[in-house]
Amino acid sequence: MIFERLDASELAVGTEELARGLIGVVLVRDSVDGRSAGRIVETEAYVIGDPASHAYMGPRQRNATMFLEPFLSYVYLIYGTSFCFNVTSEPRGEGAGVLVRALEPLDGIELMERRRRSDSLRDLCRGPGRLTQALDIDRSLDGRSLLTDPDLWLARAPRARGPIGVSRRIGITRAAHRRLRFYERGNPFVSGPRTLSPP
DNA sequence: TAGGCGATGCTCT
DNA sequence: GAGCATCGCCTAG
């Protein structure tokens with residue numbers, strides 16, 4: 001499948017704006033095993049000064065990438081079992097990012113099924129830990145520029161996107177009331193409780 | 001279909 | 001020593 005690489009002028013700067021703007025954009029993973037790719041259908045914004053953000057306590061070894069520049073990959077291990085993939089979103093010195101929570105599988109579906117050891121299309125990339133497993137994303141891909149990297153990059157949306165829904169973020173305790181989760185309404189590949197989607 | 005819970009390793013207090 | 005931007009398996013209904 002052919003994808004066209006995005007350039008910086010097509011992406012919003014600013015964390016909340018980027019979280020909205022990434023809906024519909026394609027995340028492409030090229031590895032020795034082949035290509036796998038999916039359309040982003042769900043994101044969460046972790047903004048400047050956000051108590052729920054890894055950047056809140058300032059730069060550390062783990063979160064250093066968040067303080068560099070926009071459109072880098074920030075990958076970390078959560079609960080000792082799953083990786084989460086984020087896109088950095090603010091200029092150097094400001095720590096912020098957008099968590100990608102779910103993809104609609106587009107390309108390399110058999111490859112993703114092998115990595116996931118599952119043939120459930122709907123669950124292949126539905127959830128932050130699942131999509132990183134499906135695309136073989138781990139800490140070795142932290143800090144890559146998604147505009148220039150050959151292995152992990154962003155591509156132009158293949159079709160118009162549907163209406164965007166907004167809700168509280170999932171799985172956090174601090175600043176849990178803030179409505180910083182964005183998703184394509186009605187898309188079956190969106191994660192989370194079906195009831196957590198007031199307009 | 002929903003809710004409870006263990007696995008597992010790193011970060012922070 | 002507690003908590004965590006999760007997942008998958010189990011049970012109850």
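Every chain is numbered from 1 and lettered A, B, ... according to where its sequence line falls, protein lines coming before strand lines.
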* Asked: Less than 4.0 Å between a side-chain N and a carboxylate O, is that true for A:Arg156 and A:Glu4?
  -> yes

* Salt bridge between A:Asp33 and A:Arg114, side-chain N to carboxylate O under 4.0 Å? -> no

Could you state the atom-to-atom distance from [atom1] of [X] to [atom2] of [N] in whole Å?
| X | N | atom1 | atom2 | result |
| --- | --- | --- | --- | --- |
| A:Tyr76 | B:dC10 | OH | C1' | 12 Å |
| A:Met57 | B:dC12 | CE | P | 8 Å |
| A:Asp138 | B:dG9 | CG | C1' | 15 Å |

* Asked: Taking only Watson-Crick and G-U wobble pairs with both distances under 3.5 Å, what dot-bracket line describes DNA chain C, where [ ] shows pairs that cross earlier ones and | shows pairs with another strand?
  -> ||||.|||||||.

* Nearest non-hydrogen partners of A:Leu72 and A:Ser145, listed with the distance -> CD2-CA, 3.7 Å

* Which atoms form the tightest heavy-atom contact between A:Asp30 and A:Arg35, and what is the distance? -> OD1-NE, 2.7 Å

* To do: Residues of residues 87-121 of chain A with any non-hydrogen atom less than 4.0 angstrom from an atom of DNA chain B: list those, numerically ordered, please.
  => none

* To do: Remember a base hit wins even if backbone is also touched, and classify A:Gly129 as base, sugar-phosphate or nothing at under 4.0 Å, heavy atoms.
  => sugar-phosphate

Is [X] reaching over with its side chain to a backbone N or O of [Y], donor-acceptor style, under 3.5 angstrom?
| X | Y | result |
| --- | --- | --- |
| A:Arg115 | A:Ala134 | yes |
| A:Gln133 | A:Arg130 | no |
| A:Glu184 | A:Gly24 | no |
| A:Asn86 | A:Gly97 | no |

* To do: Answer yes or no on whether A:Arg39 is positioned over the face of A:Phe189, meaning its NZ or CZ is under 6.0 Å from the six-membered ring centre and within 45° of the axis.
  => no

* Asked: Between A:Arg20 and A:Phe182, is NZ or CZ placed under 6.0 angstrom from the six-membered ring centre and within 45° of the ring axis?
  -> no

* Asked: If you find the nucleotide of DNA chain C closest to A:Tyr74 and the one closest to A:Arg130, which residue's nucleotide is nearer the 5' end?
  -> A:Tyr74

* With a 4.5 Å heavy-atom cut-off, do A:Glu10 and A:Arg5 have their side chains touching? -> no

* Quick one: how far along DNA chain C does chain A reach, first to last nucleotide 5' to 3', anything under 4.0 Å to a heavy atom? -> C:dC4 to C:dG8

